[in-house]
Structure formats: C-alpha cells, structure tokens
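The chains referred to below are lettered A, B, ... by the order of the sequence lines, with proteins before strands, and numbering in each begins at 1. If you're wondering where the values come from, they're calculated on a predicted model, not measured in any experiment.
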2 protein chains.
Amino acid sequence: MAQPPPLPSPSSATIEDVARLAEVSIATVSRAIHTPEKVATSTRQRVNQAIAITGYTTNAMARSLRMGRSNMILVLAPDIGDPNFSSILVGLENEARAHGYGVLIGHTQNDPERGLDYLKFLNSNQAAGLLLFTGHAPFGHQTMTERLPPTVGLFEPVFNGQISYVGVDDTAGARKAAEHLLSSGHRRIAFIGESRTRLGHQRRRRGFDLALDAARIPATDRLVLEGDGTIESGRLALEQIFMRGEAPTAFMCVNDATAIGVVNGLSARGYELPRDMSVIGFDDIPQATYVHPPLTTIRQPRSAIGRQAMALLLQSLDGPARPPEDILIMPDLVVRGSVTLPPRR
Amino acid sequence: MAQPPPLPSPSSATIEDVARLAEVSIATVSRAIHTPEKVATSTRQRVNQAIAITGYTTNAMARSLRMGRSNMILVLAPDIGDPNFSSILVGLENEARAHGYGVLIGHTQNDPERGLDYLKFLNSNQAAGLLLFTGHAPFGHQTMTERLPPTVGLFEPVFNGQISYVGVDDTAGARKAAEHLLSSGHRRIAFIGESRTRLGHQRRRRGFDLALDAARIPATDRLVLEGDGTIESGRLALEQIFMRGEAPTAFMCVNDATAIGVVNGLSARGYELPRDMSVIGFDDIPQATYVHPPLTTIRQPRSAIGRQAMALLLQSLDGPARPPEDILIMPDLVVRGSVTLPPRR
DNA sequence: ATCATCCATGTAAAGGTTTACATTGTGCGA
DNA sequence: TCGCACAATGTAAACCTTTACATGGATGAT
C-alpha cells in the first residue's frame, strides 16, 4: 500500500523545522541553500531532503528585513489601462525574471495619497527598485529622490531628469511621420495635440517643425492646436479648425488617441477617409487597427523599451551608482490606410 | 534667519531613533502610534514631534513579520491588458483603501512559473488576501487552497468552487441579449464562441438556449460555433458559417472581442451593418464604441464587481471563516447601433 | 497610615532570516 | 608527536516591529 504523503505543515514550515529534521543548525540550512559549496555533500543532501519533506520556502519578508533589500521591482503606473502599458510590461518582466527579480505593479491613478502608500512600501525595503511609467512623479514633485531605491523612468523623464529614463525618440519619430505626409504631397498640415506640460508631446511637436522647416513650409501654413492626448481632445481640436474655416489636407496627431478623435470627427462630418483627408498618429495602440480607415502611425518599440529599462535598473541595483542616462530608441513608421495623396483642388 | 530644515536621516529612521529623541522606550512610541489613548498626552506630543523631525514611517515589513499578516491585497491577473481588468481595478482599490488596505497587482501571463513566484510572496505573508481574475488558478490546479490566504475569484469560479467568487450573472445577461434579438424579430440566430473550458462562456451559451427555448425556436434553427473569445476566433467562425452556406440574420457573440471579429468579417464581405445583419456582444469593452456600427452589447457591472469582491474578501479577513459564497450581479443591455430588424426576404 | 487599584511606562521576547565569529575535528608536514 | 591550517558546523547578533508582562508611582478608600 502506498503511504499517505507526508502532511505539509499547516502553517508553512520555517528554517527551524528543516534544521530539526536534518539534524543541523539553522545556519547550515541557510548555507546549504545559498552557498552549497560550503556545506559537506552528505549534509547538503540531508538538508535538501528535509526541505522537500517540509515543503519549506524561505520567508521572503524575513529575508528582506535581514538583508535590507528585497528581490522585487515595483512598477508604478497612473493608469493600468493605458494601451502602452500592458505590452511594455512583458518586456520588463522577462528581463527581471532572467535576473531573479519579480515584478509588482502599483496603480496610482495620479492620486498622491495612493502614491504615498507605495512610497511607504518602498521605504520598508519591500522593493529593491522602482520603475515609473509615463513621466509621472507619483509622490508629488518635491520628493527627495535620495530616499528612493534605484529608479528608472519609462517613456518620459521624471524628477527633472535626476534619474535615468528609457523612451522613444519622439522628435525623430514625429519627424518621420511628418516626412511621410510631406512625401505624399501634403503641404497644409495641422498638428493636433500641442502640450505645455508633457515633454514627450513637446518633442513630437518639435519633430513636426523640423520636418516642415526642412521642406521649407512657411510657419504661417502650419496649424497647431492644443490637446491633452485624449480622443475627446482630437474631436475638439477639429471643431476649432472648422470654426476657423482653414481646413488643411492632413492631420498629424500627437498620439493615436487624438488621431482616433480626429478620424471620428471627420467621418461624422461626412468626409470619406482617406480620400478627402489624411491622418497620421503616434504610438500604434491596438485600437489603431480597428478604426476606419486603419491608422498609419509611428510604432512605439514597446518590448524593447521594457527590456532596456529593466536592464538599466538592474545594472544600477547590482553595480555602483551611475549618473543618470537617457536611452532613446528609434521608432518605425507603420503604413496602414489613413494617409494618401491630398485631393486635387 | 530661518533655520535650515532638520536633515532627514539618510537611511530612513527607525522606531529607536524616535524613542531616543522623545526620551521614551520604543514600546511607548509604538503605543503612541497604534493606541494613543494609552499614552499620556504630554508623552504623546513629544513622540509625535520626534516622528515629525525624523520623518519616521513604520517599516511595513518588520511590522508584517511580527504580526504575521500584512495590509496588502494581491490581485493576480493573467493579462493586465484585458479591458475588463483596468476598470474593475478602480472599484477594488477604492474599497480596499477605505479599509486601510493597499493593492498590488501581479501579472501571471498564464505562466505557472510566474504564478509560483507570487505564491512565495503570499507564503511570506506579504499579502493578507488574494484576488484571482478570470477564473485562472495561477499555481496549477493541484495547489492546496489551505496554504493560501483568504481568496476571492473575480468573474469566474476558481479551484472548483472551493472559494467565493463575484461575477456577473452570465446566464441572465445572455438571455437578455438573446431576447433583444428575438424581440427585434430575428429567428435564425447564430451563437459564436461555444467553449468547453470557460464556465462563464458556457453559461452565456445556456442563457442563449433558454431564451430560444422560451421563444420555441427549434434547436435545428440554431447555429452554434466554437471560439476562444478572441477577435480572430470571431472571424474564423464567420468563415465556417459562410462555407456551410447557412447564413443567419443575427449573431450573438460570447463576448465583444468575438463580436468585433464578426463585424469586421461581415464588413469585409461587403455586408452593410446593421441593415443586412445584426450582431450583439457581451462585456461592453471600450472598443465596442469605436467599431462601426457601435456594438449593442451586455454591460459588465465592473466597478460593482470590484467593490463587492473586495468587500467580500475583507470580510473574511477580519471576520471568522465563512463558507464559499457566490455573488452574481445582474448586467444590463446597452443598446447601440448593431442590432435592427432582420432584412426582408 | 495602609493597602488595593490603576495608569503610564519600561523590559524583553518573538517573528524568520543571514552572517560574522567561535568552535570543533580532520589531515598533513615537520 | 606536535602543531597548524582548513573545512564543516554551530552560536548568537542583527534587521525592526508589536505586545505580554513587570514595574513603579500616584490616587483613593478605609
């Protein structure tokens, strides 16, 4: 008859249980786990057996308390639903896992109270490193970075550039987008989504200007409208343009959400796209494929950003402190159906 | 002249620093924080002052280690990008926060290895409770639930119903959807997304059958196609229907993603919707608004589910153990543009 | 004046690890 | 045979809290 399997201890086993069973001291158990070469083979075997029987797993909390450092990385995002977020996460996690780190996610909702909760988490050494999504400084801007563990920003700089960040080369990407419109023959182009606060969006504006400068399009021929990067803001900007009565032949939008707003607005006004108007976005979010027409846009190299950001973070965890470093990855143009030649006058 | 502000200790202050400064014992400090009524007013003031000066925040890890329980809730999801997830999260977090708990998110990607990492996290008492998204059992199905902290499932039952879950009443919701199609005059209706594994989807199928039974639609008039709930699966099922040459007048899809696949497929074949075909979905994901035509669907009461699930979890944290309990919330029909009368023959 | 209460505070243990240092025992060279 | 080096293991402190229990002093009743 088969023996019933050994009962796993109801509340999980401690290192002491293992030591007792293996008839060694707890120090030896710890060594058998972390520096096996310092333990005699026979002892090691007994310990491993005892671990198997008890089902022991080391209490990460006690471990971190003692070591003053955990092996978790905290990723803080203002909005988990951000379509950029979920795809970047996989890159982050793969890289972390390869180095023995786990990833936890915190959702701040741009609420400083919540940010503070996570700050306490960090101050208790419950995470060894911090990743900040989309340039938000979740603890209020005055936070001293000295109290934080090693930190890397994702997509946008944080804390006035006091820390490293990994992002896309917004200027170059935007320039590619604008050049695509120019080379399709457009001359009157509107830029939708001017921002005073978001650096990335400012850079995209700059890329737009660089391309149009190079093509010698006079500044007076450029329409620039403000927007906060939401679908609604795209629609709104469109209204303003039509109120002024100066319709361009193409729209370059600061991101895909804005572009979707513009596309919807144009369709609602009876324009047939892309015959009557061309629209280009930035980001390549999943929805970009499902708009009609599918959006031509600039693709965020998401998994590359995730991988590099985590790699950078892990370096500063293990290695010595290094000066902040900005890594910009070049994005690519994705041609779909929303850009064609301008209509004949 | 203003004094320079007191330097915050470089590595964060411990309770001992506070005690020294306030000239009391660490026990008194702890009491001043947690049971202030047991500390003399004057002492309490001195302690509070010392806390302010040192910038002390209690080390959550040491606290949890001592108390054998933390005040964090872990939410485990196979796919953070799931459009249901982000909106449910807010409900969860609000409820948790109101009771002094924080929320951390783990992304399992349906990878048992990652699941195991989070299991270690739990076994170290780093989270007091667990929330499982979409019926996935991230540690492999054989895991003994005894080792887990109090756990509640979201949307679908987990561990064969051994734990409570909060979800939508899929059967009733699907019935509402089917009845909407019936009352619009449809008689030949296809159900897209039959599943052998996902219970929620099976229930939706059942709601479909109940409605059609009640309307005395013979079983032979019902088309049922398999699908795994992805956009692609919707498109695929559509192909099969056309290959068989038995087009219905309406499609009831197991979820919105499937419905989007069907809508795209129909448009690609030149059908004009909703004139030629009606389509109804389930879930009401954000994209449902941006398809053409906007999708009529059944709305998941997301924030209610989040709130209730967290409330249920918190109850079993504080109160005594209770038997597993299933809470089903009734979803509502959202009428948009994808359902009309069937075309005349 | 004596004693019992009670309030405010301190002492010390416990929670589960890791690791510097101390101890033991073995083998080897002289 | 002695002593030394080194390998294997054990002892105990430290990480930072919380809390049961002990202590001391003041208050009030008798």
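Rounded to whole Å, the distance from CD1 on B:Ile15 to P on D:dT19 is 11 Å. Summarising the geometry, the separation between NZ on A:Lys120 and C1' on D:dC16 is reported as 17 Å, rounded to the nearest angstrom. Atom CZ of A:Arg44 is separated from atom C1' of D:dT9 by 14 Å (rounded to the nearest Å). One interatomic measurement links the two molecules: CD1 of B:Ile51 to C1' of D:dT17, which rounds to 14 Å at whole-angstrom precision. Taking atom CZ of residue B:Arg20 and atom P of nucleotide C:dG10, one finds them 14 Å apart after rounding to whole Å. Rounded to a whole Å, the CG atom of A:Asn59 is 14 Å from the C1' atom of D:dC16. To the nearest angstrom, P of C:dG15 lies 11 Å from CG of A:Asp17. Between B:Glu16 atom CD and C:dG10 atom C1' the separation is 13 Å, expressed in whole Å.
Panel note: side chain B:Asp17, backbone B:Thr14; a donor-acceptor pair is recorded below 3.5 Å. Side chain of B:Arg46 to backbone of B:Ala22: a donor-acceptor contact under 3.5 angstrom is found. Here the side chain of B:Tyr118 pairs a donor or acceptor atom with the backbone of B:His107 at under 3.5 angstrom.
Counting non-hydrogen atoms of neighbouring residues, nucleotides and ligands closer than 6.0 angstrom, the CD atom of B:Glu23 reaches no more than 12 such neighbours.
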Run the side-chain donor-acceptor check on residues 56-63 of chain A: report pairs under 3.5 Å with partners two or more places apart or on a different chain.
residue	atom	partner	partner atom	Å
A:Asn59	OD1	A:Met61	N	2.8
A:Asn59	OD1	A:Ala62	N	3.0
A:Arg63	NH2	A:His34	NE2	3.2

Just distance, no hydrogens or angles: give the donor-acceptor pairs under 3.5 Å from side chains in residues 308-320 of chain B, sequence neighbours left out.
residue	atom	partner	partner atom	Å
B:Gln315	OE1	B:Arg322	NH2	2.9
B:Ser316	OG	B:Leu312	O	3.4
B:Ser316	OG	B:Leu313	O	2.9

Ignoring hydrogens and angles, write down the donor-acceptor pairs under 3.5 Å from the side chains of residues 148-156 of chain B, residues two or more places apart or on other chains.
residue	atom	partner	partner atom	Å
B:Thr151	OG1	B:Pro149	O	2.7
B:Glu156	OE2	B:Arg198	NH2	3.3

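Applying the salt bridge (charged side-chain N to carboxylate O under 4.0 Å, His left out) rule to B:Arg44 yields no partners; only residues at least two apart in sequence or on another chain are considered. Residues satisfying the salt bridge (charged side-chain N to carboxylate O under 4.0 Å, His left out) criterion with B:Asp79, sequence neighbours excluded, are absent altogether. By the salt bridge (charged side-chain N to carboxylate O under 4.0 Å, His left out) test, B:Asp326 pairs with no residue at all, sequence neighbours left out.
Within a heavy-atom distance below 4.0 Å of DNA chain C, the residues of residues 63-71 of chain A found are A:Arg63, A:Arg66, A:Met67. Residues of residues 22-42 of chain A having a heavy atom closer than 4.0 Å to DNA chain D, listed by number: A:Val24, A:Ser25, A:Ala27, A:Thr28, A:Arg31, A:Val39, A:Ala40.
Each end of the helix from C:dA1-D:dT30 to C:dA30-D:dT1 yields a helix axis from five base pairs, and these two axes differ in direction by 60° (to the nearest 10 degrees).
Remark: B:Thr54 OG1 to B:Ile15 CD1 distance equals 10.5 Å, nearest 0.5 Å.
Within the structure, side-chain hydrogen bond (donor to acceptor under 3.5 Å, both in side chains) pairs that include any residue of residues 65-77 of chain B comprise B:Arg69-B:Tyr101 (at least two apart or interchain).
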Under 3.5 Å, which N/O atoms of the protein pair with N/O atoms of nucleotides 5-7 of chain D?
none

Restricting both atoms to N or O, compile the protein contacts to nucleotides 26-28 of chain C shorter than 3.5 Å, with distance only.
none

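Considering only heavy atoms from C-beta on, B:Met72 stays 4.5 Å or farther from A:Gln126 through its side chain. You'll find the side chain of A:Leu21 stays beyond 4.5 Å of the side chain of A:Gln49, heavy atoms only. Contact of the B:Val158 side chain with the B:Phe133 side chain is not registered, since no non-hydrogen atoms from C-beta on lie closer than 4.5 Å.
Ion pairing between a basic and an acidic side chain is recognised when a charged N comes within 4.0 Å of a carboxylate O; A:Arg114 and A:Asp117 show no such pairing.
Regarding contacts with the backbone of D:dT9, a side-chain N or O of A:Thr43 is found under 4.0 angstrom from either OP1 or OP2.
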